[in-house]
There are 2 protein chains.
Amino acid sequence: MIAGMEQDGEHPWERAWRERDPAFDGRFFIGVRTTGVYCRCVCPVRQPFRCKIEFLPSAAAAEAAGFRPCLRCRPETAHFCPAWKDSLATIERAVWLIVAEGALDGDGTVDALADRLGITSRHLHRLFIRHWGATPSAVARTARVQRAKRLLDMTGLPMSDIALRAGFGSLRRFNAVFSQVYRWPPSAMRRPRSVSPPHRPTSP
Amino acid sequence: MIAGMEQDGEHPWERAWRERDPAFDGRFFIGVRTTGVYCRCVCPVRQPFRCKIEFLPSAAAAEAAGFRPCLRCRPETAHFCPAWKDSLATIERAVWLIVAEGALDGDGTVDALADRLGITSRHLHRLFIRHWGATPSAVARTARVQRAKRLLDMTGLPMSDIALRAGFGSLRRFNAVFSQVYRWPPSAMRRPRSVSPPHRPTSP
DNA sequence: ATGCTCGCCGGAATCGGACCTCGTCCGGCC
DNA sequence: GGCCGGACGAGGTCCGATTCCGGCGAGCAT
C-alpha cells in the first residue's frame, strides 16, 4: 500500500483502476487480498470490491507482498501494449506473413495461414476484427494494392507484370480492386509520370 | 439415402433428428452435403436445412458415402450415452477415484483431483453437476457415509475407528454427516444388531 | 472412567456466477 | 470454390458467498 494516499481526494490510480485505463497499464498493479492474485489495471476479469484490493507500484513489489501474477492479464511480463501479449504476438506475426511474405497471395488460404499460427481460421478472423478492424483477406488486399501502387509509381512495368508481382492472381482482379480503392483505373494513376517519359526502362 | 422413405408420411428419423431425440442416438446418422460432415442426431451444433442433409443407417455407411465424422458429437465412437464419450470418461474416472480410492478423503482436495484428470476444478465441478447431479465433495461425502454404514453393520469397531476407516478426518464430522443423512446418530443405527449379538466378531 | 454425541468457532475449501478464449459447424455471400 | 460472421458449446480464470472442516469442551449414557 502506498503511504499517504488517503488524504486530499482520490489517487489517480483509483480512477485508472475503475475505468481499466490503458494509459496506466504497467504503471501500477492491483493486489487482491481474497485470492492472492495481482493484476494489471486493464485485466478483463470482473473487478473485486474496492475494500479487498491494494495498490502496488511494481510487479516486484506485488511478488514481494506474496501475490502471484494473474493468469489472464500476465502482469509479470515486461512489455505493455493495448492488449494481451499472446493475442498481439499471434496477430502481429499473421500481419507480417500477409504483408511481407504474401501468405494470402496466389493459392495461400486463410486456413493455411491459421494452421501456421496454430489456431483455427475462425479465431484468426476474430483476432483480426478485434485488433486490426479488418479481415485477413482485406489486409492482404490492401497490401497488394500498396505493392501495386509502388510498382506503378517507381517502374515502367506493364500492367500484367505489376498485377502478378503485387500478388494479384489475375489482371482482371488487379484492375477491379485498384479501381475500387483509388476510384481510378491503374493506368490513370501512372499518367502524370508517363506524360513525358525520358525513355522506356524495360526491354521492348 | 434410404430408399422408399418419401411416401406414406414421415419417417421416424425425421422427427428424431428435429428434436435431437437421445433415444435414437446411434440408430442412424445425418450427413450434411454442404460440409461433408456426418453427425449423430443429438449433435449440439445448429442444424442444417432439411434439404441439405441425408439419413444414413450407420457410421460405416456415412464414411463410405464420403462424409467425415463431426468433431463435436463424435459419431465414429462405438458407445452411445446421454452425453459425450470424452466428458463421460473423465467424470467416470473421477467418480472411481473418489469412491474407490478415496481421492477426496484426508487431505485430498478437489483441485488435486482435477489436476490428476487434466482439467480445472471449476470444470470438474461443472461436469459433476451436469452428469451426476451433485458436486464432487457431495459424492465423496456420500461414499464415506456408505463405507461407514457398512462398517457399522458388519463390524463391532468403536466409532472413532469407523470414522477414520470410512475416510472421515475427524469423529466430529462423522457424527454430524451421518446424523444428517440418516436422521439418527451412528450408535442408533447399530442398536438393533447389538441387542442380541451372537458374538463380537473382532478381538476384545 | 470410558465412550458417544453435539454446540460453538475460526480458518480453509467449496460452490456457483460472470466473463473470457477458442473450437466447430452452419448459411450466406462473392 | 473460399471468405465471412452467427450460433453455440467446452473449458479456463477470477471472484464473493457459502459451506465444510476439525479441534475444543460440555453433557450424557454405560
Side-chain angles (χ1 to χ4, degrees), chain A residues 32-39 43-49 51-53 68 70-74 84 86-87 90 104 107-112 114 118-130 134-138 140-141 176, chain B residues 32-39 43-49 51-53 68 70-74 83-84 86-87 90 104 106-112 114 118-130 134-138 140-141 158-163 168-180 184-188 190:
Chain A
V32 185
R33 293 196 202 92
T34 46
T35 57
V37 170
Y38 73 99
C39 293
C43 187
V45 306
R46 187 158 64 118
Q47 292 181 329
F49 293 144
C51 59
K52 302 297 181 58
I53 70 170
R68 72 158 175 83
C70 172
L71 294 175
R72 289 296 291 282
C73 56
R74 299 286 177 178
W84 289 201
D86 297 336
S87 300
T90 296
L104 292 186
D107 54 355
T109 65
V110 176
D111 281 304
I119 58 177
T120 56
S121 62
R122 180 77 185 91
H123 192 54
L124 182 63
H125 186 85
R126 267 193 288 249
L127 291 179
F128 265 84
I129 294 293
R130 170 136 52 94
T135 64
S137 66
R141 202 169 55 218
Chain B
V32 185
R33 292 196 202 93
T34 46
T35 57
V37 170
Y38 73 99
C39 293
C43 187
V45 306
R46 186 159 64 121
Q47 292 181 330
F49 293 144
C51 59
K52 302 295 181 59
I53 70 170
R68 71 160 176 84
C70 172
L71 294 174
R72 289 296 290 279
C73 55
R74 300 286 177 178
W84 290 205
D86 297 336
S87 301
T90 297
L104 293 186
D107 53 358
T109 65
V110 176
D111 281 303
I119 58 177
T120 55
S121 63
R122 181 74 186 93
H123 192 55
L124 181 62
H125 187 86
R126 269 193 285 249
L127 290 179
F128 265 83
I129 294 293
R130 170 135 53 93
T135 64
S137 66
R141 206 168 49 223
M159 291 301 167
S160 53
D161 285 13
I162 288 180
F168 290 94
S170 68
L171 186 58
R172 178 71 192 84
R173 280 292 109 202
F174 167 57
N175 282 322
V177 173
F178 195 97
S179 298
Q180 188 185 3
W184 231 274
S187 63
R190 179 139 73 175

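Here is how names work: the chains are called A, B, and so on, in the same order as the sequence lines, proteins then strands, and each is numbered from 1.
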Taking only side-chain nitrogens and oxygens of A:His125, does any of them come within less than 4.0 Å of OP1 or OP2 of D:dG5? yes

Could you check whether any side-chain N or O of B:Arg68 sits under 3.5 Å from a backbone N or O of B:Thr35, counting only pairs where one atom can act as donor and the other as acceptor? no

Measure from CZ on B:Phe168 to P on D:dG22 and round the result to the nearest Å. 10 Å

What nucleotide, of D:dC4, C:dA18, D:dA7, holds the atom closest to the side chain of A:Arg122? D:dA7

Taking only N/O atoms, report every protein-nucleotides 27-30 of chain C pair under 3.5 Å with atom names and distance.
{"from": "C:dG27", "atom 1": "OP1", "to": "B:Phe49", "atom 2": "N", "distance (Å)": "2.4"}
{"from": "C:dG27", "atom 1": "OP2", "to": "B:Thr34", "atom 2": "OG1", "distance (Å)": "3.3"}

For the side chain of A:Arg130, counting heavy atoms from C-beta on, which of D:dG5, C:dT21, C:dC4 is nearest? C:dT21

What is the distance from atom CZ of A:Arg126 to atom CD1 of A:Ile129, rounded to the nearest 0.5 Å? 11.0 Å

In whole angstroms, how far is the P atom of C:dA13 from the CZ atom of B:Arg141? 17 Å

Tell me every residue that passes side chain to side chain contact (heavy atoms under 4.5 Å, CB included) with B:Ala138, counting only those two or more places apart in sequence or in another chain. B:Ala134, B:Thr135, B:Arg141

Length of the line joining B:Arg126:CZ and D:dC14:P, which is rounded to integer Å: 14 Å

Give the rounded distance in Å between these two atoms: CZ of A:Phe128 and P of D:dC4. 10 Å

Separation between SG (B:Cys43) and OH (B:Tyr38), nearest 0.5 Å, reads 12.0 Å

Report yes if at least one side-chain N or O of B:Ser187 is closer than 4.0 Å to OP1 or OP2 of C:dT5; otherwise report no. yes

Run the side chain to side chain donor-acceptor pair (under 3.5 Å) test against B:Asp111 and tell me which residues pass, sequence neighbours left out. B:Ser121

Return the minimal non-hydrogen interatomic distance between B:Arg72 and B:Pro44, and the atom names on each side. NH2-CG, 3.9 Å

Distance, nearest 0.5 Å, that separates NE2 of A:His123 from CZ of A:Arg130: 7.0 Å

Scanning both residues in full, the closest heavy-atom pair of B:Ile53 with B:Val32 reads CG2-CG2, 4.4 Å

Those residues that, when tested against B:Arg46, pass side chain to side chain contact (heavy atoms under 4.5 Å, CB included) (two or more places apart): none

Looking at every strand, decide which applies to A:Cys39 at a 4.0 Å heavy-atom threshold: base, sugar-phosphate, or nothing. nothing

Testing C:dC6, D:dC3, C:dG23 for proximity to the side chain of A:His123, the answer is C:dG23

Please figure out whether A:Ala138 or A:Leu71 has its closest DNA chain D nucleotide nearer the 5' end. A:Ala138

Reading nucleotides 23-30 of chain D 5' to 3', which nucleotides get B (base under 4.0 Å from a protein heavy atom), which S (sugar-phosphate only), which -? BB------

Looking at C:dT5, D:dC15, C:dT14, which one has an atom nearest to any side-chain atom of B:Val110? C:dT14

Is there a donor-acceptor contact under 3.5 Å from the side chain of B:Arg173 to the main chain of B:Ala163? no

Indicate whether OP1 or OP2 belonging to D:dC14 is found under 4.0 Å from a side-chain N or O atom of A:Arg68. yes

Candidate nucleotides C:dC25, D:dG5, D:dC3, ranked by approach to the side chain of A:Asp111 - the nearest: D:dC3

Are A:Arg72 and D:dG12 close enough that a side-chain N or O sits under 4.0 Å from OP1 or OP2? no

Closest approach of B:Phe178 to B:Trp184 (non-hydrogen atoms, all atoms of both residues): CD2-O, 3.5 Å

Taking five pairs at each end of the helix from C:dA1-D:dT30 to C:dC30-D:dG1, what angle separates the two helix axes (nearest 10°)? 40°

Residue-phosphate contact under 4.0 Å: A:Thr109 side-chain N/O, D:dG2 OP1/OP2: no

With the side chain counted from C-beta on, respond yes when B:Leu104 and B:Pro136 share a heavy-atom pair under 4.5 Å apart, and no when they do not. yes

Find the distance B:Ile119:CD1 to D:dA10:C1' and express it as a whole number of Å. 11 Å

First of B:Leu124 and A:Ser137 reached from the 5' end of DNA chain D, by closest nucleotide: A:Ser137

Separation of atom CZ in B:Arg33 from atom P in C:dC26, rounded to whole Å: 13 Å

Does B:Asn175 put a side-chain nitrogen or oxygen below 4.0 Å from OP1 or OP2 of C:dT5? yes

Give the rounded distance in Å between these two atoms: CG of B:Leu127 and C1' of D:dA10. 9 Å

Any non-hydrogen side-chain atom of A:Val110 less than 4.5 Å from a side-chain atom of A:His125? no

Rounded distance in Å - CD1 (B:Ile129) to P (C:dC15): 7 Å

Starting at the 5' end of DNA chain C, which residue's closest nucleotide do you reach first, B:Pro185 or B:Val45? B:Pro185

C:dT5, OP1 or OP2 - any side-chain N/O from B:Ser179 closer than 4.0 Å? no

